[in-house]
Every structure is written in C-alpha cells, then in structure tokens.
Amino acid sequence: MNAYKKEWTSTLVFGVLYVVLAHTGLFAIAFGVDNSTRVLGFPLHYFIAIVLGSAGILAVSIVWNRYADQLESEIEAENNSATPEAAPAAGAVASANGFAREGAQS
C-alpha cells in the first residue's frame with residue numbers, strides 16, 4: 001500500500017511542476033518585462049518561456065516516466081507478495097458463507 005501513496009504523492013508533485021512550467025507567462029506578469037535584456041535575439045521572458053515551457057516539460061515528463069516505471073515495479077511486487085496470502089483467506093470466507101466455487105458441488 002506504500003507504493004500507492006508514493007504514486008499519489010508523485011502525481012501531485014509532478015502535476016504542480018507541469019502547471020508551473022507551462023504557465024511561464026505568469027512569471028513575466030509577476031516580475032515585469034524588460035525588453036532590453038536579450039538572449040539569442042529574443043527578450044529574456046520569451047527565452048524563458050521557450051526553455052521552461054518546452055524543454056522543462058520534456059525533462060519533467062522523462063523524469064516522471066522513469067519514476068512511474070519504478071513505482072509500477074513496486075506496486076507489482078507488493079501485489080504479488082500480498083496475493084498468495086489473500087487468496088486462501090478469500091476462499092475460506094466464500095466457503096464459510098456457503099458459496100461454492102464454479103465447478104464444485106456441495
């Protein structure tokens with residue numbers, strides 16, 4: 001169950017990163033715009049929007065994908081370790097309640 005909590009937390013963290021990086025125009029509004037500072041011929045706020053908006057989202061997506069793959073492995077490991085213990089208990093409860101398994105006759 002711990003891996004599911006990590007997955008939920010990572011979704012919130014990476015989601016906030018997406019929102020912050022995708023809305024770089026808000027930074028230009030908050031800090032003002034100075035057209036005298038230029039990078040590669042573009043005003044600084046355009047350059048920041050291009051770098052953070054495109055390359056930043058790509059970098060966050062790659063990191064999130066790798067992290068999600070690790071979490072998926074953890075979730076599968078937790079499910080595999082919990083399944084053998086849970087299966088007999090579920091069968092015992094079903095038989096105690098009078099439910100027969102398919103193909104079995106009582």
Side-chain angles (χ1 to χ4, degrees):
M1 189 58 99
N2 191 24
Y4 286 109
K5 290 178 185 178
K6 287 180 183 178
E7 185 176 24
W8 182 80
T9 305
S10 72
T11 300
L12 288 177
V13 169
F14 285 108
V16 168
L17 280 173
Y18 274 134
V19 170
V20 168
L21 291 176
H23 295 89
T24 55
L26 298 176
F27 294 117
I29 292 170
F31 299 116
V33 177
D34 181 16
N35 286 330
S36 64
T37 306
R38 296 190 173 266
V39 177
L40 298 176
F42 293 106
L44 181 61
H45 62 282
Y46 284 3
F47 183 76
I48 289 173
I50 291 169
V51 170
L52 289 181
S54 301
I57 293 288
L58 178 64
V60 169
S61 297
I62 290 169
V63 170
W64 192 6
N65 186 16
R66 290 185 179 182
Y67 186 75
D69 285 343
Q70 291 174 352
L71 278 178
E72 186 66 30
S73 299
E74 281 185 43
I75 290 170
E76 286 178 9
E78 283 184 8
N79 287 342
N80 289 339
S81 67
T83 302
E85 297 170 5
V93 170
S95 64
N97 289 334
F99 295 109
R101 290 186 174 216
E102 203 173 304
Q105 297 192 6
S106 37

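Just so it is clear, the values below take in all heavy atoms, side chains as well, and ignore hydrogens, waters and symmetry mates. Values in this document were obtained by computation on a predicted structure and should not be read as measured data.
In terms of the side chain to side chain contact (heavy atoms under 4.5 Å, CB included) criterion, residue partners of Val20 (sequence neighbours excluded) are, by chain and number, Val16, Phe27. Qualifying side-chain hydrogen bond (donor to acceptor under 3.5 Å, both in side chains) partners for Thr9, counting only residues two or more places apart in sequence or in other chains: none. A search for side chain to side chain contact (heavy atoms under 4.5 Å, CB included) contacts involving Val39 returns Leu44, Phe47, not counting sequence neighbours.
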Donor-acceptor pairs under 3.5 angstrom involving side-chain atoms of residues 52-62: please list them, not counting sequence neighbours.
residue : atom : partner : partner atom : Å
Ser61   : OG   : Tyr18   : OH           : 2.6
Ser61   : OG   : Ile57   : O            : 2.8

Side-chain donor/acceptor pairs under 3.5 Å, residues 64-72, sequence neighbours excluded:
none

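Hydrophobic side-chain contacts under 4.5 Å tie Trp8 into a cluster, directly or through other members, with Leu12.
Here the straight-line distance linking atom CG of Leu21 with atom CD1 of Ile48 works out to 12.0 Å at 0.5 Å rounding.
Counting non-hydrogen atoms of other residues, nucleotides and ligands closer than 6.0 Å to CZ of Phe14 gives a total above 12.
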